[in-house]
Amino acid sequence: MELNSYARIGKAVITKAIGLQKNYKEVYVKSEDKLNESKSGCYNCEIYKLKCQFSALELAEVCDALQEQCGTCSQAVWEPSYTTHIKYFNEKNRYGYQPTLKTNAIKLFITYHFLQPDALGFIKNVSIKELAESLGCTPATIRFSNDILSCYGYCYFCSSGIDDNHINVLLPEYKNYHKPASEGGRGYLDLSSDMLSELLSIDHLNTLRLTIKGILEVDNASIYDVANPNLTNVTSSFDKLRGFLPSYCKPNVIRKALEQGDAIFQYSFSDNSVTFSMKEEYSKKNMRKAMLWESEQAIKDHVDCLNDVLELADDKGLSAYEDRTQALLAMFSIGSFSTYPTLMLTNDDYYDLASMCVQYNLNMVKQAISCIYNDYIARHISVDSFGALTRHYIRNMSVFNISAS
């Protein structure tokens, strides 16, 4: 069983798997500079008088436009002002509800994301025995966990019809991972196979839940801290962490659970909180570089193999191997054409394609390449931007309907 080096998993579905947070609120202070009208001598200013007149007429937009002029005034005195805000969180409304999973089911669900799902989240011919070896359990445990995942709607299964004790798997939410929030997407985590190995080595359920929660929190914090070259640390109160854990998880229980799984994080504790510090090798910023490099190499290998097949198909002197050639073309989802020009890509094209592999996945990009070849390259239609066209195909889901002609 071959695992991908990297995988993505939806934040919504993994949050539901480890347990939804009880409704909570966060209080934060927001600072902004405000004009001190008294110290600035504004009362004799014509702009100030105009602002007062328009304010009385409740023309806020006009007042804001006049306020911008105050920013260039040499006499203006600006002072920091602090306001307290409250933000309310309801994860059930945001993510929907599915029952929480136990240890083996969580591990198995995450592992499925490393088994090369296609764009719809479909995985073919997975060995139950090899899954059991990867998770360090029995085939019976895999079957029981699959029943739970299916019952709760996380995955669906059927016999592969190819080999005994092999299954096909469908991850129903996979196709929505990359979508923007307006279309129902809730973002996704990038996990490496090294991180998967560390998660699979965790024996205790609460430790597993807390480690995944830490990964989610650090990833969310990093989104708003992209300019920071250092890793983003996250501090969470024990009260907040107890919101998605069983009621018996007092602070000392949480601390003990975290100390049993320190492979991905280093922890520092206070009386009321814990700080998650992700180790350098697991940081998203460093991992993305490795993902881009590996994806670019994979795309280059794919294009090289495709061009070998195209060269073979274009050689009319090899008619004796026509059946084999057609089978190879079908494997790459290439239609039937009178000629098969070589697919020529630039270094910029490869970088764009690698970026899309990270954002979507390798299989989707491969399918889009086949679409573009069938619809453009084989028909000798010029392509201004191969990367932009690839993204267009992926976004419009035409990768699922590759032309056969």
Side-chain angles (χ1 to χ4, degrees), residues 1-11 13-14 107 109-119 121 123 134 171 174 177-178 185 187-202 208 211-234 261-266 276-305 345-369 386-387 390-391 394:
M1 184 175 68
E2 183 180 355
L3 297 175
N4 285 348
S5 297
Y6 300 95
R8 58 177 184 162
I9 181 168
K11 291 182 179 180
V13 71
I14 196 61
K107 292 179 180 180
F109 180 63
I110 295 174
T111 300
Y112 282 138
H113 289 76
F114 283 83
L115 294 178
Q116 305 175 34
D118 67 12
I123 309 166
S134 295
L171 306 172
Y174 190 86
Y177 289 174
H178 66 276
Y188 55 85
L189 293 173
D190 291 315
L191 300 180
S192 68
S193 56
D194 289 338
M195 295 177 79
L196 173 65
S197 296
E198 298 297 351
L199 292 174
L200 294 183
S201 68
I202 296 174
L208 182 61
T211 302
I212 295 173
K213 187 68 171 179
I215 295 172
L216 283 164
E217 294 293 326
V218 169
D219 188 87
N220 290 335
S222 298
I223 292 174
Y224 302 103
D225 196 22
V226 293
N228 186 355
N230 300 314
L231 297 179
T232 302
N233 297 331
V234 171
D262 59 354
I264 295 176
F265 289 103
Q266 293 175 333
F276 294 82
S277 302
M278 183 172 281
K279 294 183 179 179
E280 189 77 23
E281 60 267 31
Y282 299 119
S283 74
K284 185 172 183 178
K285 297 168 185 177
N286 292 335
M287 194 164 63
R288 180 177 171 81
K289 294 178 182 178
M291 291 170 67
L292 279 171
W293 183 88
E294 184 170 296
S295 297
E296 188 169 339
Q297 299 308 307
I299 287 295
K300 286 181 177 179
D301 291 342
H302 175 75
V303 172
D304 287 344
C305 291
L345 299 179
T346 66
N347 288 333
D348 288 342
D349 291 333
Y350 281 118
Y351 181 82
D352 290 342
L353 294 173
S355 297
M356 279 178 274
C357 288
V358 173
Q359 182 179 0
Y360 303 104
N361 70 23
L362 179 61
N363 283 329
M364 291 181 75
V365 175
K366 287 180 179 179
Q367 292 177 48
I369 290 172
F386 198 92
T390 302
R391 189 176 294 277
I394 292 175

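All values below were derived from every heavy atom in this structure, side-chain atoms included, with hydrogens, water molecules and symmetry-related copies excluded.
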**Item:** Main-chain N/O of L216 paired with N220 side-chain donor or acceptor, under 3.5 Å
**Value:** yes
**Asked** For S134, which residues count as a side chain to side chain contact (heavy atoms under 4.5 Å, CB included) partner, sequence neighbours excluded?
**Response** M1
**Prompt:** So how far is it from I110 CD1 to L196 CG, rounded to the nearest 0.5 Å?
**Reply:** 7.0 Å
**Asked** Could you walk me through whether N4 and L362 pass the side chain to side chain contact (heavy atoms under 4.5 Å, CB included) check?
**Response** CA-CA 10 Å; N4 285 348; L362 179 61; over 6 Å; no
**Request:** In sequence, state the C-alpha distance, the side-chain angles, and the governing distance for K11 and D219, and then conclude on side chain to side chain contact (heavy atoms under 4.5 Å, CB included).
**Result:** CA-CA 10 Å; K11 291 182 179 180; D219 188 87; 2.6 Å; yes
**Request:** Please report the C-alpha distance between H113 and R8 in whole Å, then the side-chain angles of each, then the deciding distance to 0.1 Å, and finally whether the side chain to side chain contact (heavy atoms under 4.5 Å, CB included) criterion is met.
**Result:** CA-CA 7 Å; H113 289 76; R8 58 177 184 162; 6.0 Å; no
**Request:** Measure the shortest side-chain to side-chain distance between V13 and L171 over non-hydrogen atoms and say whether it is less than 4.5 angstrom.
**Result:** no
**Complete:** Taken in chain and number order and not counting sequence neighbours, the residues that satisfy side chain to side chain contact (heavy atoms under 4.5 Å, CB included) with D194 are S192, Y282
**Prompt:** Which atom names give the shortest non-hydrogen contact between L199 and T211, and what distance separates them?
**Reply:** CD2-CG2, 3.9 Å
**Message:** Could you measure the distance from the OG atom of S193 to the OH atom of Y6? Nearest 0.5 Å is fine.
**Reply:** 7.0 Å
**Prompt:** When you measure from the side chain of S201 to the backbone N and O of E198, does any donor-acceptor pair fall under 3.5 Å?
**Reply:** yes
**Prompt:** Do D118 side-chain atoms and G121 backbone N/O form a donor-acceptor pair below 3.5 Å?
**Reply:** yes
**Asked** Who pairs with D349 by side chain to side chain contact (heavy atoms under 4.5 Å, CB included), at least two apart in sequence or on another chain?
**Response** L345, T346, F386
**Message:** Rounded at 0.5 Å granularity, tell me how far CG in D352 sits from OG1 in T390.
**Reply:** 8.5 Å
**Prompt:** So with a 6.0 Å cut-off around OH of Y350, is the heavy-atom count from everything else above 12?
**Reply:** yes
**Request:** Kindly say whether the aromatic ring centers of Y177 and Y174 come within a distance under 6.0 Å.
**Result:** yes
**Asked** CD1 of I264 to NZ of K279: how many Å apart, nearest 0.5 Å?
**Response** 9.0 Å
**Request:** Can you see which heavy atom on S5 is nearest to which on F114, and at what distance?
**Result:** O-CE2, 4.1 Å
**Message:** Quick check: closest heavy atoms across A354 and L292, and the distance to 0.1 Å?
**Reply:** CB-O, 3.7 Å
**Request:** Enter the distance from I9:CD1 to I14:CD1 here, rounded to the nearest 0.5 Å.
**Result:** 4.0 Å
**Request:** Look up atom CE in M356 and atom CE in M364, then write down how far apart they are to the nearest 0.5 Å.
**Result:** 11.0 Å
**Item:** I215 vs L191, side chain to side chain contact (heavy atoms under 4.5 Å, CB included): CA-CA, chis, key distance, verdict
**Value:** CA-CA 9 Å; I215 295 172; L191 300 180; 4.3 Å; yes
